[in-house]
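Data block below; observations after.
Numbered from 1 within each chain, the chains take letters A, B, ... in sequence-line order. Quick caveat, the model's predicted, so the values are computed rather than measured.
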2 protein chains.
Amino acid sequence: MSSIKTQARAPQQRTLDTRASIKAAGAELFATRGYRATGVRDIADLAGCNQALVSYHFKGKGGLYDEILADAVAEAERLAKEGDLSSAAYPERELVRILSRAIASQAHLAPMILREQMDPDRLLNPGTADTLRSFMALTESVLNVLPLDTEARGWDPQIVHLTIVGPLIHFTVATRMREATVGKLERPMSTPDLDTFTDTLAAMLSRALRAKAADA
Amino acid sequence: MSSIKTQARAPQQRTLDTRASIKAAGAELFATRGYRATGVRDIADLAGCNQALVSYHFKGKGGLYDEILADAVAEAERLAKEGDLSSAAYPERELVRILSRAIASQAHLAPMILREQMDPDRLLNPGTADTLRSFMALTESVLNVLPLDTEARGWDPQIVHLTIVGPLIHFTVATRMREATVGKLERPMSTPDLDTFTDTLAAMLSRALRAKAADA
DNA sequence: GTCTATAGGCTGATAGAC
DNA sequence: GTCTATCAGCCTATAGAC
């Protein structure tokens, strides 16, 4: 009896699980290999289901990709809004923390956006581009608040933004690589964790923005 | 007569041109689209020749890719050696200039290495990995020379290196995108040039390393 | 919802003419 | 050295059984 009941519910439950598995598998593979190099079979295998289900649940590979990226971007935007920039004692440090959470908390986000940016044909979804611009606006607002000296005031906010986001993205990507090559190298590199990395980056930025050059 | 002579030399000359064209086309496409997403036909079309010539000159797509990447890495290493780190008044600024030249002077290098790093299956060629490590060694040597305060001495050299290389790579990639999307955006972003970017990055690093925090 | 089978298109390599 | 023609393999999407 009870086994019948269980079987009766199974299909419905399995549906949600399957959709989520496919999404997780797709995120992993699209990030590591890219859209073109990822086969629907690869996704299905990793998700532990049949390849036809990708089309059934997401209207094909393209639909799956779009949904994964849109979700990741939305989540990044949500995380960014959790930070409180205005009441922070050191807004530039809080800025780094916010961007760190937004970029690095989902391991597949940075690689996917990076791949989009590298390919001119694949022009960014307008919504995605807007989100990226809103991140840069955060940096600009911080620069407007801080008491900058003459030299620092001459820096292009866009450049300063890149000095924060560049390292964060790169750290995320490099971490993926390190995890994959653990034990494969004869001389394994030290693997700093995200918090240490974020704190160091925040300290460097803060000193660059606030401190006068030692011999200026 | 002269036309006969010209035609007689043409095949020989054309050979070199064709090889170079294919290489240039491959570099462009592998960088923007990645290995898998680039068809041999695409390369041949861009190079203005027949697809069979790719196999003839480079033993197939894989051989072409390997040669392009190896050449780019070798050239980056050569450029890095041109810089004089020991006699510079501000070694950390010279370091940024050196890395900037090595990374950004060949537009296809950064995207290609980035793609390799993102894919764990495609483990880096040992020679390439060695070159990347030698770049990090440059940063370490600079940190050993500078008079760092207590806080800066606690920073992981690997992290400091990422704060230099990350922005440089990201700037290179972003520049590609900007050039491709010129006019496609309603609100075009300012496009700082590489020299301005490099100088700003050098200034920020120098201040971060040398200046004491304003209120530490 | 899930699976099998298959169609239709694209891709990389190569044999052979020039 | 360069080109045309072609083949064998792979990939995505879908029709239809369960």
Side-chain angles (χ1 to χ4, degrees), chain A residues 3-30 32-69 115 119 121-122, chain B residues 3-30 32-69 115 119 121-122:
Chain A
S3 69
I4 291 176
K5 188 179 167 189
T6 304
Q7 285 183 336
R9 273 181 61 209
Q12 185 75 18
Q13 272 199 337
R14 184 71 193 287
T15 297
L16 295 173
D17 286 352
T18 298
R19 238 191 94 94
S21 320
I22 291 175
K23 233 163 138 172
E28 171 65 22
L29 293 174
F30 287 144
T32 53
R33 305 182 187 175
Y35 181 81
R36 196 63 151 45
T38 300
V40 176
R41 279 178 184 79
D42 302 331
I43 299 171
D45 287 351
L46 186 59
C49 70
N50 190 275
Q51 94 161 280
L53 290 176
V54 174
S55 283
Y56 177 79
H57 284 291
F58 300 93
K59 302 194 177 181
K61 187 168 122 169
L64 173 61
Y65 179 89
D66 291 343
E67 185 169 324
I68 290 171
L69 183 56
R115 288 179 189 280
D119 191 346
D121 296 341
R122 201 174 189 92
Chain B
S3 68
I4 290 175
K5 187 180 165 190
T6 303
Q7 283 180 339
R9 274 182 60 209
Q12 184 77 15
Q13 272 199 337
R14 183 74 192 288
T15 296
L16 295 173
D17 285 353
T18 298
R19 239 191 92 94
S21 317
I22 292 175
K23 233 163 138 173
E28 171 65 23
L29 293 175
F30 287 143
T32 52
R33 305 181 187 174
Y35 180 81
R36 196 62 152 45
T38 299
V40 176
R41 281 174 182 78
D42 302 332
I43 298 171
D45 288 350
L46 187 58
C49 72
N50 190 276
Q51 80 153 302
L53 290 177
V54 175
S55 284
Y56 177 78
H57 285 290
F58 301 93
K59 303 194 177 183
K61 186 168 122 170
L64 173 62
Y65 179 88
D66 291 343
E67 185 169 325
I68 290 171
L69 183 56
R115 288 181 189 279
D119 191 345
D121 297 340
R122 201 176 191 92

Return the nearest nucleotide to the side chain of A/His57; candidates are C/dT2, C/dG12, D/dC3. C/dT2
Rounding to a whole Å, what distance do you find between B/Arg41:CZ and D/dT2:P? 19 Å
So which nucleotide from C/dG12, D/dA13, C/dC3 ends up closest to the side chain of B/Gln51? C/dG12
Looking only at D/dC3, C/dC3, D/dT12, the nucleotide nearest the B/Cys49 side chain is D/dC3
Protein-nucleotide distance (B/Arg19, atom CZ; D/dT2, atom P), rounded to Å: 11 Å
Over how many whole Å does the gap from A/Asp45 atom CG to D/dT12 atom P extend? 12 Å
Is the cationic atom of A/Arg122 (NZ for Lys, CZ for Arg) positioned less than 6.0 Å from the six-membered ring centroid of A/Tyr65 and within 45 degrees of its normal? yes
May I have the distance from A/Phe58 (atom CZ) to D/dT14 (atom P), rounded to whole angstrom? 16 Å
Would you kindly give the CG-to-P distance between A/Asn50 and D/dA13, to the nearest whole Å? 14 Å
Does OP1 or OP2 of C/dC10 have a side-chain N or O of A/Arg36 closer than 4.0 Å? no
Do B/Glu67 and B/Lys23 have side chains that get closer than 4.5 Å, going by heavy atoms? yes
Take atom CG of B/Asp17 and atom P of D/dG1, then tell me their distance rounded to the nearest Å. 12 Å
Any donor and acceptor pair, going by atom type alone, linking the side chain of A/Arg33 with main-chain N or O of B/Asp119 inside 3.5 Å? no
Of A/Val40 and B/Tyr56, the one whose closest DNA chain D nucleotide lies more 5': B/Tyr56
From D/dT2, D/dC3, C/dT2, nucleotide with atom closest to B/Thr18 side chain: D/dT2
Distance in angstrom units between A/Lys61 NZ and D/dT14 P, rounded: 14 Å
Out of D/dT12, C/dT4, D/dC3, minimum distance to the side chain of A/Ala52 belongs to C/dT4
Nearest listed nucleotide, side chain of B/Leu53, among D/dT14, D/dT2, C/dT11: D/dT2
With a 4.5 Å heavy-atom cut-off, do B/Gln51 and B/Tyr56 have their side chains touching? no
Could you tell me whether the side chain of A/Asp45 and the main chain of A/Asp42 form a donor-acceptor pair under 3.5 Å? no
Which nucleotide in D/dC3, C/dT2, C/dT14 has an atom nearest any side-chain atom of B/Ser55: C/dT14
